[in-house]
Colleague: 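After the structure tokens below, expect a handful of questions from me.
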Amino acid sequence: MINVEHLSKSFGDNEVLSQITTSIKKGEVVTVIGPSGSGKSTFLRCMNLLETPSGGEITIDQAAITAKDAPVSQIREKIGMVFQHFHLFPHLTVLENITYAPTKVKKLSKNEADTIAHGLLKKVGLSDKADAYPNRLSGGQKQRVAIARALAMDPEIMLFDEPTSALDPEMVKEVLDVMKGLAESGMTMVIVTHEMGFAKEVSDRVLFLDEGKLVEDAPPVEFFTAPKSVRAKEFLDKIL
Ligand code: ADP
Ligand code: MG
């Protein structure tokens with residue numbers, strides 16, 4: 001579904017991603033792991049064109065999204081993104097946060113969008129918070145709303161950039177559980193995370209980035225029990 005070929009990205013003369021080649025199948029759940037500054041966020045951001053790659057090609061469903069004439073907004077509609085810091089609209093209720101893009105971008109009627117939003121709130125366990133404002137929610141609740149908001153656009157792919165890193169420890173599980181459910185429902189997901197338990201249990205594949213290079217691309221069992229590279233071994237020794 002997603003094909004990445006020789007993807008490179010530089011900021012000035014700082015090469016942040018170097019010749020990344022991999023592909024992700026429909027329904028696959030891929031975790032992206034690596035030290036801080038290794039290019040994980042940049043990699044995700046290239047996939048929905050929040051960053052413009054400096055070289056290489058990304059195709060989604062055979063369409064080259066990195067082509068000069070690619071329909072950027074159409075591509076972004078297919079790809080939901082969840083960030084570390086939620087980015088909810090503070091002046092909108094939970095329900096309005098979720099219905100905003102479907103009504104503005106997809107031109108759904110308020111009724112249609114509300115129905116979808118209520119369904120999604122149920123799915124993330126927040127039916128009782130529809131009329132609350134974000135500042136009344138815990139971090140875990142905010143992140144679950146952010147996931148529901150991304151899902152409201154009916155994306156084909158969901159990207160997560162450290163979705164639990166800003167959360168108090170007791171709220172991590174409620175968010176990971178929602179993501180696990182989504183994975184089980186067959187969503188194609190690419191997840192930057194430091195949650196090694198989740199990576200092991202839920203992902204089909206682990207990508208390990210180091211200094212902008214894709215050093216390992218392996219099933220979790222293989223990655224966690226027998227990493228091939230010294231860099232991955234060192235990284236795992238530090239965190240496990
Ligand atoms: P990670 O998510 O793995 O911590 P990032 O992708 O955020 O890594 O960053 C990789 C490198 O790219 C870092 O050295 C960072 O400083 C640099 N970088 C990221 N975004 C920008 C930007 N917009 N402008 C300049 N440098 C950037
Ligand atoms: Mg990052």
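Everything quoted here is computed from the prediction, not taken from an experiment. Just so you know, ligand 1 is whichever comes first in the structure, and atom 1 is the first atom listed for that ligand. In what follows, residues are counted from 1 in the order of the sequence shown.
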Colleague: For residues 211-219, please give each side-chain donor-acceptor pair under 3.5 Å, one per line with the distance, not counting sequence neighbours.
Modeller:
residue, atom, partner, partner atom, Å
Glu216, OE1, Lys228, N, 3.2
Glu216, OE2, Lys228, N, 2.9
Glu216, OE2, Ser229, N, 2.6
Glu216, OE2, Ser229, OG, 2.7
Asp217, OD1, Arg205, NH1, 2.4
Asp217, OD2, Thr22, OG1, 2.8
Asp217, OD2, Arg205, NH1, 3.1

Colleague: Any donor-acceptor pair under 3.5 Å linking the side chain of Lys9 with the backbone of Thr52?
Modeller: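 Between the backbone of Thr52 and the side chain of Lys9 there is a qualifying donor-acceptor contact (under 3.5 Å).
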
Colleague: Can you pull out the closest protein heavy atom to atom 14 (O) of ligand 1? Residue, atom name and distance to 0.1 Å, please.
Modeller: Asn14 ND2, 4.0 Å

Colleague: Among all protein heavy atoms in this structure, tell me which lies nearest to atom 13 (C) of ligand 1, with the distance rounded to 0.1 Å.
Modeller: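 I find the closest protein heavy atom is Gly37 O, 4.1 Å.
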
Colleague: Going by side-chain contact (heavy atoms from CB on, under 4.5 Å), Val192 matches just one of Val30, Thr31, Asp161. Which one?
Modeller: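 Option passing the side-chain contact (heavy atoms from CB on, under 4.5 Å) with Val192: Asp161.
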
Colleague: Strictly less than 4.0 Å: does any protein heavy-atom distance to atom 16 (O) of ligand 1 fall in that range?
Modeller: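 No, there is none.
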
Colleague: Against heavy atoms of Val16, which atoms of ligand 1 measure under 4.0 Å?
Modeller: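 Matching atoms, with element in brackets: 10 (C), 11 (C), 12 (O), 17 (C).
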
Colleague: Carefully, step by step, assess Met47 and Ile79 under the rule side chain to side chain contact (heavy atoms under 4.5 Å, CB included).
Modeller: CA-CA 9 Å; Met47 280 200 257; Ile79 307 172; 5.6 Å; no

Colleague: Just to confirm my output: which protein heavy-atom neighbour is closest to atom 5 (P) of ligand 1, and how far is it?
Modeller: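 Of the protein heavy atoms, Thr42 OG1, 3.7 Å lies nearest.
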
Colleague: Establish, for the pair Arg144 and Phe86, whether the NZ or CZ atom is under 6.0 angstrom from the six-membered ring centre and no further than 45 degrees off its axis.
Modeller: no

Colleague: Considering both backbone and side-chain atoms of Glu51, is one of its nitrogen or oxygen atoms within less than 3.5 Å of a nitrogen or oxygen in ligand 1?
Modeller: no

Colleague: Hey, is the main chain of Gly27 close enough, under 3.5 Å, to the side chain of Thr188 for a donor-acceptor pair?
Modeller: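 Side chain of Thr188 to backbone of Gly27: a pair is present.
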
Colleague: Please tell me whether Thr93 and Asp131 have a donor and an acceptor in their side chains that are separated by less than 3.5 angstrom.
Modeller: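 Thr93 vs Asp131: no donor-acceptor pair found between side chains.
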
Colleague: Give the numbers and elements of all ligand 1 atoms closer than 4.0 Å to a heavy atom of Ser36.
Modeller: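 The atoms of ligand 1 under 4.0 Å from a heavy atom of Ser36 are 4 (O).
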
Colleague: For Phe89, is there any backbone N or O sitting under 3.5 Å from a side-chain donor or acceptor partner on Asn97?
Modeller: yes

Colleague: Ring pair (Phe, Tyr, Trp, His ring centres under 6.0 Å): which pairs involve residues 199-233, sequence neighbours left out?
Modeller: Phe208-Phe223, Phe208-Phe235

Colleague: For ligand 1, is there an atom lying under 4.0 Å from some heavy atom of Gly12?
Modeller: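 For ligand 1, residue contact (heavy atoms, under 4.0 Å) with Gly12 is absent.
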
Colleague: Do any N/O atoms on Phe11 end up under 3.5 angstrom from N/O atoms on ligand 1?
Modeller: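 Between Phe11 and ligand 1 (N or O atoms, distance only) the closest approach is not under 3.5 Å.
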
Colleague: With a 3.5 Å distance limit and no angle check, can you tell me whether Ser10 reaches the backbone of Gly12 through a side-chain donor-acceptor pair?
Modeller: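 No, Ser10 side chain to Gly12 backbone: no donor-acceptor pair under 3.5 Å.
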
Colleague: Considering only distance and modelled atom types, tabulate donor-acceptor pairs under 3.5 Å from the side chains of residues 55-69, sequence neighbours left out.
Modeller:
residue, atom, partner, partner atom, Å
Asp61, OD2, Lys78, NZ, 3.3
Thr66, OG1, Ile58, N, 3.1

Colleague: What are the atoms of ligand 1, with element, lying closer than 4.0 Å to any heavy atom of Pro35?
Modeller: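 Going through ligand 1 atom by atom, the ones under 4.0 Å from Pro35 are 3 (O).
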
Colleague: Do any N or O atoms from the side chain of Thr164 and from the backbone of Val172 form a donor-acceptor pair under 3.5 angstrom?
Modeller: no

Colleague: So, Lys40 side chain and Gly34 main chain: donor-acceptor pair closer than 3.5 Å or not?
Modeller: yes

Colleague: Does Gly34 have a heavy atom less than 4.0 Å from any atom of ligand 1?
Modeller: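 Contact absent.
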
Colleague: What protein heavy atom sits nearest atom 8 (O) of ligand 1, and how far off is it?
Modeller: Gly39 N, 3.2 Å

Colleague: Scan the protein's non-hydrogen atoms and note whether one is under 4.0 Å from atom 19 (C) of ligand 1.
Modeller: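 Given the 4.0 Å cut-off, atom 19 (C) of ligand 1 counts as touching protein heavy atoms.
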
Colleague: If you draw a sphere of radius 2.8 Å around the Mg ion (ligand 2), how many protein N/O/S atoms end up strictly inside it?
Modeller: 1

Colleague: Any idea which protein heavy atom is nearest atom 7 (O) of ligand 1, and the distance to it?
Modeller: Ser41 CB, 3.7 Å

